[in-house]
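None of the values given here were measured: they were computed from a predicted structure. Within every chain, numbering begins at 1; the chains are lettered A, B, ... in the order of the sequence lines, protein sequences first and strands thereafter.
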There are 2 protein chains.
Amino acid sequence: MRQLVLDVLSKQKAAISLPELEDMFEKADKATLYRTLKTFEENKLIHHIDDGSGAVKYALCQESCECEPEDLHVHFYCTVCQKTFCLNDTPVPSINLPKDFSLEKVNMVVSGICASCQK
Amino acid sequence: MRQLVLDVLSKQKAAISLPELEDMFEKADKATLYRTLKTFEENKLIHHIDDGSGAVKYALCQESCECEPEDLHVHFYCTVCQKTFCLNDTPVPSINLPKDFSLEKVNMVVSGICASCQK
DNA sequence: AGTAACTTTGCAACCCGGTTGCACCGCGTA
DNA sequence: TACGCGGTGCAACCGGGTTGCAAAGTTACT
């Protein structure tokens, strides 16, 4: 059951949202998929990305992923195909915060047009 | 009417969400406030920030603000008081995108604990 | 003032993603 | 067999955002 979801996720090049997942599993229930994603996330198999599209998307974590403050990579949201990609090779640059601000995590989403839509 | 909203916005230190606005204007309608914010945004008076809290927040633009790709500053979301601040002095660092990816805009939200909640 | 054209507001309804409670199913174990 | 438990499906709900429509207000022109 969850196996199926994991299979799908591992075959995706782009991050996938819950509604999208619902569509490709016509049979399965929204709540089930929702809970599946949640447990995956708790177990650090996947991470979520808020790309501002209104739906949170999910993608597999890298092997090395600690899912801790510094595992962080930049995400790219294509405004044409509306897909979201992990730029695993692009770490989030460090930021100088004002005094007395402590850093927990960073969400960095770059929008633009991806290679496939560039033509 | 919109004057009131503008007044409130200019008095805020933190960005404000639509639902929050609704609360402080018990009298006014959600739709009105919503449309007000939209027109303000079209006229580049304010900009919106998606801090991942589930509600989009709005804050005044700086005088110099072009609201174009490079006006961009980092935003800070405090996980304690759940307020969002513009770090106007902290520009978004530039990113090297993979080949054939074009850049339109960048959303960068740093989460952590703000100075006031730090004690 | 009177009217026409346009803007702003309020109400209500709707959409959609996310979330939860509950009952049911299937399975392993005592 | 009886029990407990995890996974599933259904249904309902919540909350932010969005839109259509009609009423109220505004402006301009006569």
Are any protein N/O atoms closer than 3.5 Å to N/O atoms in nucleotides 15-19 of chain C? If there are, list each pair with its distance.
from   : atom 1 : to    : atom 2 : distance (Å)
C/dG18 : OP1    : A/V56 : N      : 2.8
C/dG18 : N7     : A/K30 : NZ     : 3.3
C/dG18 : O6     : A/K30 : NZ     : 2.7
C/dT19 : OP2    : A/Y34 : OH     : 2.7
C/dT19 : O5'    : A/Y34 : OH     : 2.7

* Do A/N43 side-chain atoms and A/L45 backbone N/O form a donor-acceptor pair below 3.5 Å? ->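 A pair under 3.5 Å: no.
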* **Donor-acceptor contact present, side-chain B/Q118 to main-chain B/I113, <3.5 Å** =>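 Yes; at least one donor-acceptor contact below 3.5 Å.
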* Reckon A/T32 has a side-chain N or O less than 4.0 Å from the OP1 or OP2 of D/dG7? ->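 False: A/T32 side-chain N/O out of range (4.0 Å or more) of D/dG7 OP1/OP2.
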Between [atom2] on [N] and [atom1] on [X], what's the gap in Å once rounded to a whole number?
X     : N      : atom1 : atom2 : value
A/K27 : D/dC10 : NZ    : P     : 10 Å
A/Q3  : D/dG6  : CD    : P     : 18 Å
A/L37 : C/dT20 : CG    : C1'   : 16 Å
A/D29 : D/dC10 : CG    : P     : 6 Å
B/M1  : D/dA24 : CE    : P     : 15 Å
B/L4  : C/dG10 : CG    : P     : 11 Å
B/E42 : D/dT18 : CD    : P     : 12 Å

* Might you confirm whether atom CG of B/N96 has over 12 heavy atoms from other residues, nucleotides or ligands at distances under 6.0 Å? =>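 No.
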* **Check: A/H73 and A/H47 side chains under 4.5 Å, non-hydrogen atoms** =>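 With C-beta onward as the side chain, the pair touches.
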* Of the nucleotides D/dC10, D/dG7, D/dG20, which has the atom closest to the B/R35 side chain? ->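 The listed nucleotide nearest to B/R35's side chain is D/dG20.
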* Out of C/dG10, D/dG7, C/dT8, which has the shortest distance to the side chain of A/R2? ->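 For the A/R2 side chain, the nearest candidate turns out to be D/dG7.
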* Decide yes or no on side chain to side chain donor-acceptor pair (under 3.5 Å) for A/Q82 and A/S53, but give the supporting numbers first. => CA-CA 8 Å; A/Q82 298 178 326; A/S53 66; over 6 Å; no
* Asked: What residue among B/V92, B/I95, B/T90 forms side-chain contact (heavy atoms from CB on, under 4.5 Å) with B/M108?
  ->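 The passing option is B/V92.
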